[in-house]
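A short worksheet on the structure shown next.
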Amino acid sequence: MQIARAVDSYLRHVAIERGLSENTVAAYRHDLSGYAEWLREQHIDDTAAVTSVTLASFIADRAAAQPPMAASSLARLQSSVRGLHRFLAREGIEPSDPSSHLRPPKQPRRLPKALTIEQVESLLDASGPAPATGADVSGSGGAAAGDLLGMRDRALLELLYATGARVSEIVQLDVDDAARGDVLRVRGKGSKERIVPVGSYARAAVDAYLTRARPELSHRGRSTPKLFLGARGAPLSRQSAWLIIQAAAERAHLTAHVSPHTLRHSFATHLLQGGADVRVVQELLGHASVATTQIYTYVSIDALRDVYATSHPRAR
């Protein structure tokens with residue numbers, strides 16, 4: 001099959017039959033476009049001509065590129081190419097899979113970067129006004145546009161840190177998902193649902209946003225069940241949520257890179273430092289395997305050093 005047709009067929013398969021997200025499909029498209037271009041440069045225009053040697057040469061070429069590719073990017077590229085050739089073999093388009101012996105590059109273990117508790121508090125305070133308490137929470141009170149968005153931003157960041165949810169999970173929440181008092185219903189990867197507790201600070205911020213800000217934002221656009229809305233009433237996007245966090249980090253004068261995933265890392269790290277069992281954290285994060293969660297246990301190495309230095313008689 002011609003390379004271009006093979007790539008198009010595979011992308012339709014992963015988008016329609018496997019139901020992968022738009023972002024994942026876009027990543028596959030980017031990787032396979034580069035692969036197809038490389039094959040054309042080698043005067044290969046049919047998948048039948050691709051061999052294991054061809055694939056090894058492609059990966060070696062990309063690994064030697066300047067500037068060098070990150071190990072994670074190279075691993076994703078290799079995964080995209082393997083997926084294409086597995087698909088062609090499984091569908092009977094090609095008699096065999098030349099990528100079957102291709103092994104992904106070993107990636108260095110990288111510790112997730114977490115904020116300190118004090119930094120998280122600064123970030124939350126910079127995101128918007130703290131929710132009022134008691135009777136002050138009720139009623140719109142003719143809040144200004146900046147106040148409306150500030151309440152939304154505070155609720156968004158409080159919820160990200162309180163639950164450890166992915167930003168894609170938070171922006172997909174409906175109002176009904178947050179209507180269960182002290183728990184939140186989250187739909188994760190593969191549409192798997194999980195119930196996550198919500199602390200009092202996040203609950204108060206969400207209640208203030210729902211009562212005072214969201215009704216006004218909702219009137220500016222078409223009716224939608226989504227919990228978080230933009231300034232014009234449309235559902236908040238992942239990109240907008242990222243920008244909200246970046247703006248809050250700048251106002252909080254945080255020099256470290258802060259992203260939505262930073263709050264997820266901080267959530268897991270602070271729970272483990274507080275004595276939470278790793279399997280409980282696994283359930284809260286929605287990880288399929290505890291091995292994914294265990295990387296967070298390495299984050300506490302500084303705490304281990306401190307305990308060792310102060311406790312062992314010959315540590316110094």
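- Proximity of a side-chain donor or acceptor of D46 to a complementary backbone N or O of A48 within less than 3.5 Å is detected.
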- Task: Go through the steps for S266 and T269 under the test side-chain hydrogen bond (donor to acceptor under 3.5 Å, both in side chains), then give the verdict.
- Result: CA-CA 5 Å; S266 302; T269 301; over 6 Å; no
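- Between L229 and Y209, the shortest heavy-atom distance links the atoms N-OH, 3.2 Å.
- In terms of heavy-atom proximity, I44 sits nearest to A49 at CG2-CB, 3.9 Å.
- Here the shortest heavy-atom pairing between L115 and L254 reads CD1-CD1, 4.4 Å.
- Looking at T262 and S259, their side chains do bring a donor and an acceptor atom within 3.5 Å of each other.
- Counted within 6.0 Å of CZ on R251, heavy atoms from surrounding residues, nucleotides or ligands total more than 12; the atom is thus considered enclosed.
- Applying the 6.0 Å contact sphere to CD of E41 captures more than 12 heavy atoms from other residues, nucleotides or ligands.
- Judged by distance alone, the side chain of R220 and the main-chain N or O of A231 form a donor-acceptor pair under 3.5 Å.
- Partner P98 forms a side-chain contact (heavy atoms from CB on, under 4.5 Å) with one of V81, L55, T54, T47 and no other, that one being L55.
- In this structure, NE2 in H30 is found 7.0 Å from CZ in R76, a value given to the nearest 0.5 Å.
- The neighbour count for E283 CD, taken as heavy atoms of other residues, nucleotides or ligands under 6.0 Å away, does not exceed 12.
- Ionic pairing of R203 and D207 is present here: one or more N-O contacts between side-chain nitrogen and carboxylate oxygen are shorter than 4.0 angstrom.
- Salt-bridge formation is not detected for the pair R185/E169: no Lys NZ or Arg NE/NH1/NH2 atom is positioned less than 4.0 Å from an Asp or Glu carboxylate oxygen.
- Between the Q246 side chain and the V258 main chain, a donor and an acceptor come within less than 3.5 Å of each other.
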- Item | S99/D97 under side-chain hydrogen bond (donor to acceptor under 3.5 Å, both in side chains): CA gap, chis, key distance, verdict | CA-CA 5 Å; S99 71; D97 175 9; 2.6 Å; yes
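- Y35 pairs in a ring-ring contact (aromatic ring centres under 6.0 Å, His included) with only one of the listed residues (Y10, Y28, F58), which is F58.
- Between L156 and F228, the closest side-chain pair of non-hydrogen atoms falls below 4.5 Å.
- Closest of all the heavy-atom pairs between A248 and L157 is CB-CD2, 4.1 Å.
- The two residues A155 and A205 come nearest to each other via the heavy atoms CB-O, 3.6 Å.
- Salt-bridge formation is not detected for the pair D45/R40: no Lys NZ or Arg NE/NH1/NH2 atom is positioned less than 4.0 Å from an Asp or Glu carboxylate oxygen.
- Salt-bridge formation is detected for the pair R154/D125: a Lys NZ or Arg NE/NH1/NH2 atom is positioned less than 4.0 Å from an Asp or Glu carboxylate oxygen.
- Atom CZ of R90 has more than 12 heavy atoms from other residues, nucleotides or ligands within 6.0 Å.
- No more than 12 heavy-atom neighbours from other residues, nucleotides or ligands sit within 6.0 angstrom of CD on Q2.
- Side-chain N or O atoms of R194 include one that pairs as donor or acceptor with a backbone N or O of L284 at under 3.5 Å.
- Under a 3.5 Å cut-off, the side chain of K226 and the backbone N or O of L236 do not form any donor-acceptor pair.
- Closest of all the heavy-atom pairs between A162 and G199 is CB-N, 4.4 Å.
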